[in-house]
Every structure is written in C-alpha cells, then in structure tokens.
Colleague: 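Below you will find the structure I want to go over with you.
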There are 4 protein chains.
Amino acid sequence: MATTRPVDASRRSGRARSAIHRAALDLTTEVGFTNVTVEAIAARAGVGKQTIYRWWSSKGAVVFDALLAANENAAGTLDLPDTGDVVADLRGVLRTMVAELAEPANDRLQRAVTAEIQHDRALAGEVVERLLRPQVDAIVARLRRAQEVGQLPPAADPAIVAELLIGPVFHRWLLRTGPLDPAFADSVVDHTVGTPGLGSADSAAV
Amino acid sequence: MATTRPVDASRRSGRARSAIHRAALDLTTEVGFTNVTVEAIAARAGVGKQTIYRWWSSKGAVVFDALLAANENAAGTLDLPDTGDVVADLRGVLRTMVAELAEPANDRLQRAVTAEIQHDRALAGEVVERLLRPQVDAIVARLRRAQEVGQLPPAADPAIVAELLIGPVFHRWLLRTGPLDPAFADSVVDHTVGTPGLGSADSAAV
Amino acid sequence: MATTRPVDASRRSGRARSAIHRAALDLTTEVGFTNVTVEAIAARAGVGKQTIYRWWSSKGAVVFDALLAANENAAGTLDLPDTGDVVADLRGVLRTMVAELAEPANDRLQRAVTAEIQHDRALAGEVVERLLRPQVDAIVARLRRAQEVGQLPPAADPAIVAELLIGPVFHRWLLRTGPLDPAFADSVVDHTVGTPGLGSADSAAV
Amino acid sequence: MATTRPVDASRRSGRARSAIHRAALDLTTEVGFTNVTVEAIAARAGVGKQTIYRWWSSKGAVVFDALLAANENAAGTLDLPDTGDVVADLRGVLRTMVAELAEPANDRLQRAVTAEIQHDRALAGEVVERLLRPQVDAIVARLRRAQEVGQLPPAADPAIVAELLIGPVFHRWLLRTGPLDPAFADSVVDHTVGTPGLGSADSAAV
DNA sequence: GGCTAAGCGAGACGGTACGTCTTGTCTTTAG
DNA sequence: CTAAAGACAAGACGTACCGTCTCGCTTAGCC
C-alpha cells in the first residue's frame, strides 16, 4: 500500500489484552479452569506467552481479570425492584440467582472462580468486592427499605438477613446438598423474612 | 472406599494404605493441597507411585479418602446436646463450627476439599454424604425435637432451617465476606430461630 | 540349562516350561527382543512371573534358553555335503547361510541374540558354543577334507579360512554394509578358496 | 544431524547440545550403554529432559550423535600408510584395529553401538556411513594401489577383499570366537592377500 | 491315602525410568 | 525496537516393567 499507517503501540496492546480476555474466558468454559493453560490462552489469542506473563502473574489472574472485565461491562444497574412487597421482591432475586447458577456455562465458571480463590487471598478479595459485594449491597438496601415501611422488624440486621438469604443458596449450589430450584429459593425467603412467627413458637401461638 | 477402583482389595496392604493416608494429610496441611504431588505422597509414605494409582484415581481421591477415613475414625457421636433451650444449643453448634473453621490447619484442609470437589462430582457426593450430611442431620433432629416441644413453629421445615443456619456460616467462611466469630454465629441463630417476630414486622408489633 | 538356577528341578512343571519357551520365542519374533517383557511372557504363557524368575535369571536367559532348546530339537546333522568340489560345496553353505539370514523372522531373532550377548558374557559363550561352533566345525571339517585331496594348500589354516568365509557374511549382514545375496556368497568363496592366485600377483602371473 | 527431528534448528542452544553430548559419552563409558538413562544424561548435562526429547528421538540417538560428533572432530586423515608392501601395510591396519577393539572403553562403546543399531535402521545407516565406511574406503584405496603395482591380481575385487579382511576381525571380536590378537590379524592378512597359492592347491603346487 | 512341602497362577508391592506436559524465564528473529 | 514464536531448566504427570514378596491352590512323593 502506498500509505503505511503508523503503528500505534497502545492500540495494539489493547488488542492483545482483549484477545487474551476472550481466549481466557472461552477456554475456561470450554475445557474447565483446571485444564486451561497459559500456553493455550496465548495460542488462542495469537499472542506470545511473554505478553501474558508481562501483565499477569498467573493463569488465575488472567482468567479473573477477564471475568471481572466482562462483568463490569455487563454490570448495568444492580437496583433491585421494589414492588412494595419485600417477600415477592426477594423471591424474585433468589429465583434469578438460582436460575443463573443453573445455567451450565455460568455454573462452570462460578465454580472455577470459587475453587480458585481458595488459594489466592488477593484474588478472593477482588472477586468478592467486585462481583459479590454489589449484589449483597443491593439486597441490604432493599431490606432497609422494607424495614422503613415496617415489613421487617427494626431489630433485624439487614446485613445478617442478606447473608441468611444468600448463604443457603450458595451452600446448596456449591455443595449440591439438594435440588437448587425456584421452590428452594422461595422456601429460603419465606423462612427468613416471610413466615410470621418462624422466629418463635410463642409468636406463632399469638 | 467408593473413590477407589474395584480391584481385588483382599490382597491390599494395610501398611501401605495407612502410610499413604497419613502422608497425604500431613502434606496437605504442610504445603497446601495444590502443592501436594502424588510423587511426594508416595515418597513420604515410602511407597511406589503405582501403589497409589492402583487404588486411587487422582491426588484428590487420595487426600479425601484420607480425610474421610480420619473423620470416620474420629467420628464418635453426632448427637447434639439438648439442654431444652434450642437457641442456646444451636448457638453452641454454630460457635463450634466457627471455631473449627478458624483453626488454621482445618481451614486449609476444608478449603482444599471445597475447591477440589468443584471439579469432581463423585468426590463431591462422597464428601457431602460422609462429612457434611451427618452434621446437618443432627441439626435437623435437634430442630425436630424443638418443634415437638413448641420451640419452633410446626410450619417451619427443619431441613430448610438447618440450611439457613449452616449456609450463612459456610458462605462467610468460604468467601470471607466478613468476620467469622462467635458473635456472627449467635446472630445467625438469633435471626433464624431466636428472635421472635423476625419473620414479620406485624408479629414484632404485637 | 546352564542359564538356570539349580533349584529342585524334579517338581518342575513341564507344561509351564514349554509354554514359557513358546511364548518367549513368539513374542521375540512378534515385537522384537527389546520390546519383550517378562510380564508379557508370563501372561502369554499363562504363568506367574515368579515361575519365570524361579528358573531363569533374566529376560535374556529365558529367550536364549528357548532359542537353544528349539535349535537343539531341530539340530539334526551338521555334516556338510561333500561333492568333491570344495568351492561348489562352500558356495552352497554360504548361500544357505545368506538365505537363512534373509528370512525376516530369522533375521530379527539373530539380530536380537547378537545384540543381547553384547552385555552378557555368559550367554555369549553359550550361544557361540551351542549355535555357532557346530556350524564352524562342520566347515573346518570340510576344509580339512579339501586339504587332504589337495584342493587347499597345506599351509592354509582351516580354522582361519572358515572365519574368512563366515566373517564377511556376518559382517555384511549385521552392519548392512551392502547387499547380502548369493552373488556375495559366491564372491566370498571365490576370493577365499576359489580364485587361483588371488593370494599373490606372482602366482597369477604364472 | 540426520537422527534429529527436523524442528527449527536455528534457535537451538549450542551450550545444551554439547553438554548433552559430553554427558552422553561420559555416562556410556562409565556405566555402559544399557544403564544410561535419558534422565541421567539430562541431569549430568544440567538440562531439562524435554531439551533432549526435543532434538533426539531416543537414548540411542543421543549417544550416537555424540559419538559421531566426537569422531568427526577427531577424524583427521584416514589415509593408510603406503610403504609399497601391501601385506605389511594391511597387517598394520588390522593390528591397529585389533588393538583399538582391545581397549576396554572402546570395546564397551563399540559393542553398545553394534547392539543398539540392531533395532534402529536409521541409526545403523548413519553409523556405518560415518564411522565404518571411511575406514573401509581407505582399505579399498590401498588395495587398488596394490593392484596397480601388481601386488594383487587384477581379477580381485578390492571391495570384497576389504570385507574379507575386516569381516573376520569383526566377527571374532563381536562373538569372541577366539583370541583377538596381532597374530590373528596377521593370519587374516596372510590368508587373504599374503599367501601365494592359498586360492588353489594347484598354484601352490606350481 | 494322607501329609506336607514344593511349585504354581495371580498379582500387590517398592522402585526406576519412561516420554509428555506445563510452568515461568530467556533468546532469537522477523517485521 | 518490539512482540511473536518458541527453546530452555525444572519437575510432576500417569504408565510400564522391574524383581521381590505374599497369597491360596494344586500336586507330587514320602511315609
């Protein structure tokens, strides 16, 4: 060509970065995190291994960075719906959570993440802060509004209640202790914020 | 064990078996599951690698079998104390759970197990059935007794309530979303079976 | 056999012995000596490994014992034909030798033997004495008769001449330095005992 | 080298290559070819196993490549002395050959080579062409000069005569059919090119 | 004709080496 | 001058055999 374009190094490096992100995510869902190799990511991304090692410290770091980047882009709003009925709203939230975890690609990816952060505290912190925390905060906010309108006793700690909701779903999903379906989601919500008098036989007797 | 290949087990060397178990557990707590190698286990146990591969299919299988065997031996009774006060009893159970997870060696081992079973469904099933299930069942039994004496509303599903108790603890431990201390254990119990009227603002208002 | 350990041979199972012999020979021609394993011989013969190790000291010992036993059975007489024409007779001998070495199964087996005896002096001795020596002796005997009837100069050492005949054929076969065909066999005989005056230009000039 | 896999050799590390060559040769003479292992070569050379497997296909290939390289360096001239007396000259050649084969380190190495090339045709070809052929060619050249000056009958084929000289020495050495000493070397030369009339009793009678 | 010592088939055992794979660093080469 | 391509040292992988060692079970031969 007559006019050769000047090589823009910053743009090129961005190309490599996103190619690596894409390759990392694709490979993880295709063969599972354990079977992903740095070499495979480099090959798939059309990139030298050194280009990966220059910016990331390990396979884990690459894949999570990719995951976080993807999530951040797709983030959108995390405001929970507020129909005025906190039980109905939370049922919706937990049903969504259950549905997402049931989706195979998601399930695989989340399990890989959960497994991996068990031996990398730094990654763990980042994943929790950037993927999980926003979700929890949204629930806490919704619970606070419920408290304001008297749908939740003032004594209840919204932060604890949020964990009471998320914890069992997470537990059942991760350990497969039972079927993870909408019915379970509803049960958790009902036992936590829905059933009057669950807290004590006395109140039920009232 | 279920995780072993069904060869002729009658000729199996008990000496080798227990040496491998011990080596596997020791190494896992010493260097962490990820850094354990089959070769190291074999060397430490004074055993040929083939003797490991003859009876187990992977590093994971060895370590879990070791863990399960150790737990089975130490099992003893799983009956929860029944002081008549279900809230107090459950506080005790969760405080114990929290304390155990706080113990470094235990923490490491449990995290390794949890991470590993994410990519081995067979192991996952076994771990859940043999390590977790008994614990859950004991809590369910205790809850049922509470129901019989009117400390828990008849409408509550003891199985769900048990997960409401365990789930949040597990979640906070695994993801380190917050401090895992006795206070948190108490909070979970209180919000789940202790606080009258948590279930609804109405009942609290009564 | 000399290569076996002197246990109590009276109880020895003939069935096992011959099954091992057969398996050893078959496997050697099938996959080559290097790829034969004691375990494979045992399996093929339907025999425990210990039964082999009880009577032989190594894979080599088994295969050679098998080979020697087979040869001894098939031995018959080694008398060379004596048509009165020593050149014609030796051409026949060498042509036969060449033809046998050209036969693939034989070629493989002989090469395996030759390779193996390079690192087992005891086996080497036995192979030479029991497989090679009779052949050489037969040639020497024929040469002596030729000498008696004046077809070979009295000064020639029949033992040396025999090696002059066998050596080149063996050399060309083992190292594949050239085509091993009847023409070569004839050439060797002719240059050694056939061509008048090969020995010196003077005699040729006579 | 012909025994290597045709990867991109331009990037190859000369340091690794020669360290491997040296280690291979040293180990072979120290413990014998059979007891040499690729792992030991790698360890001794301070090299990863993969670096060996990247460029050679087997232990044999490494050792021979090392041997060939060493021989090529040390090659020098292969011109045989020409004193005018072909018998004396050839006696010298064969005595040298005998002496070299009698030297223990050499004996071990040559036997190992000879054994090994029995199950690797490619290696066999290379060894013959690069180690043996030059030697044979030198003898053939000397014989041709002898023919020109009438010390060898024109009818004799120098190539065959060369094999008549080398073959028996090789045969006796490899199979240990008898003492390999200078006397034998002389005998072979005398019976082949030295003794007038060995070819026929008639010429002797003249 | 029963006892007993052996040989037997089987195969687990502690080992060694195999040839492959991946890691993270270092080096070459082409654009 | 940079970055792809990929060689390198290291070391674990899971497999194949080694030669030794029990196991029960024939089976031979001496009492």
Side-chain angles (χ1 to χ4, degrees), chain A residues 4 7 9 12-13 15-16 34-43 45-54 56-59, chain B residues 7-17 19-20 35-43 45-59, chain C residues 7-17 19 35-43 45-59, chain D residues 7-17 19 35-43 45-59:
Chain A
T4 46
V7 176
R12 176 145 199 182
S13 142
R15 170 127 37 105
T34 319
N35 302 321
V36 172
T37 65
V38 174
E39 291 197 329
I41 295 175
V47 135
K49 281 167 64 177
Q50 195 53 54
T51 302
I52 293 182
Y53 282 112
R54 197 171 357 255
W56 291 278
S57 63
S58 69
K59 174 179 77 164
Chain B
V7 196
D8 175 10
S10 69
R11 297 180 165 280
R12 191 166 180 183
S13 154
R15 191 216 135 266
R17 184 198 197 105
I20 291 167
N35 301 321
V36 171
T37 66
V38 174
E39 290 197 330
I41 297 175
V47 137
K49 281 167 66 176
Q50 194 55 56
T51 299
I52 293 182
Y53 284 111
R54 183 157 28 238
W55 302 108
W56 292 277
S57 60
S58 67
K59 175 180 76 166
Chain C
V7 195
D8 173 10
S10 71
R11 291 178 166 278
R12 190 167 181 183
S13 155
R15 192 216 135 264
R17 183 199 198 100
N35 302 321
V36 171
T37 65
V38 173
E39 291 197 330
I41 296 174
V47 135
K49 281 166 64 176
Q50 194 54 55
T51 300
I52 293 182
Y53 283 111
R54 185 158 24 241
W55 302 108
W56 292 277
S57 62
S58 70
K59 174 179 78 164
Chain D
V7 195
D8 174 10
S10 68
R11 298 178 166 280
R12 191 165 182 183
S13 153
R15 191 218 135 263
R17 184 198 196 103
N35 301 322
V36 171
T37 66
V38 174
E39 291 198 329
I41 295 174
V47 137
K49 283 167 66 175
Q50 194 55 56
T51 298
I52 294 182
Y53 283 111
R54 182 157 28 240
W55 302 108
W56 293 276
S57 61
S58 68
K59 175 179 75 166

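Note that the coordinates shown come from a computational prediction; the quantities given were computed from them, not determined experimentally. Order of the sequence lines fixes the chain letters, A, B, ..., with proteins taken first and strands second; residue numbering starts at 1 for each chain.
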Colleague: Ignoring backbone atoms, test whether B/Trp55 places a side-chain nitrogen or oxygen under 4.0 Å from the OP1 or OP2 oxygen of E/dA12.
Modeller: no
Colleague: For A/Gly46 and D/Val47, take the nucleotide of DNA chain F holding the closest heavy atom to each; which residue's nucleotide lies nearer the 5' end?
Modeller: A/Gly46
Colleague: Along nucleotides 17-26 of chain E, 5' to 3', which nucleotides get a B, which get an S, and which get a -, given that the test is a protein heavy-atom distance under 4.0 Å?
Modeller: SBBBBSBBBB
Colleague: Tell me whether the NZ or CZ atom of B/Arg11 lies within the 45° cone about the ring axis of B/Trp55 and under 6.0 Å from its centre.
Modeller: no
Colleague: Please report the interatomic distance OG1(C/Thr51) to CZ(C/Arg17), rounded to the nearest 0.5 Å.
Modeller: 13.0 Å
Colleague: Between atom CZ in D/Arg17 and atom P in F/dA9, what is the gap in whole Å?
Modeller: 14 Å
Colleague: Ignoring backbone atoms, test whether D/Arg54 places a side-chain nitrogen or oxygen under 4.0 Å from the OP1 or OP2 oxygen of F/dC8.
Modeller: yes
Colleague: Can you check the B/Ile41 CD1 to E/dG14 C1' distance for me, whole Å?
Modeller: 16 Å
Colleague: Pick the nucleotide of DNA chain E nearest each of C/Ala16 and B/Ala45; which residue has the one closer to the 5' end?
Modeller: C/Ala16
Colleague: Could you pull out the closest heavy-atom pair between C/Ala16 and C/Ser13, with the gap in Å?
Modeller: N-OG, 2.9 Å
Colleague: I need the CD1-C1' distance between B/Ile20 and E/dC13, as an integer number of Å.
Modeller: 10 Å
Colleague: Take C/Val38 and C/Trp56 through the side-chain contact (heavy atoms from CB on, under 4.5 Å) test and state the conclusion after the steps.
Modeller: CA-CA 10 Å; C/Val38 173; C/Trp56 292 277; over 6 Å; no
Colleague: In whole angstroms, how far is the C1' atom of E/dC13 from the CD1 atom of B/Ile52?
Modeller: 13 Å
Colleague: Distance from C/Ile52 atom CD1 to C/Ser58 atom OG, nearest 0.5 Å?
Modeller: 11.0 Å
Colleague: Please report the closest heavy-atom contact between D/Arg15 and D/Gly46, naming both atoms and the distance.
Modeller: NH2-O, 3.7 Å
Colleague: Using modelled atom types and a 3.5 Å cut-off, is there a donor and acceptor pairing between side-chain atoms of C/Lys59 and backbone atoms of C/Val36?
Modeller: yes
Colleague: Does the side chain of C/Arg15 get closer than 4.0 angstrom to OP1 or OP2 of E/dG9 through an N or O atom?
Modeller: yes
Colleague: Ignoring the backbone of B/Arg12, work out which of E/dC13, E/dA10, F/dA7 is nearest its side chain.
Modeller: E/dC13
Colleague: Side-chain N or O of D/Thr51 less than 4.0 angstrom from OP1 or OP2 on F/dA9?
Modeller: yes
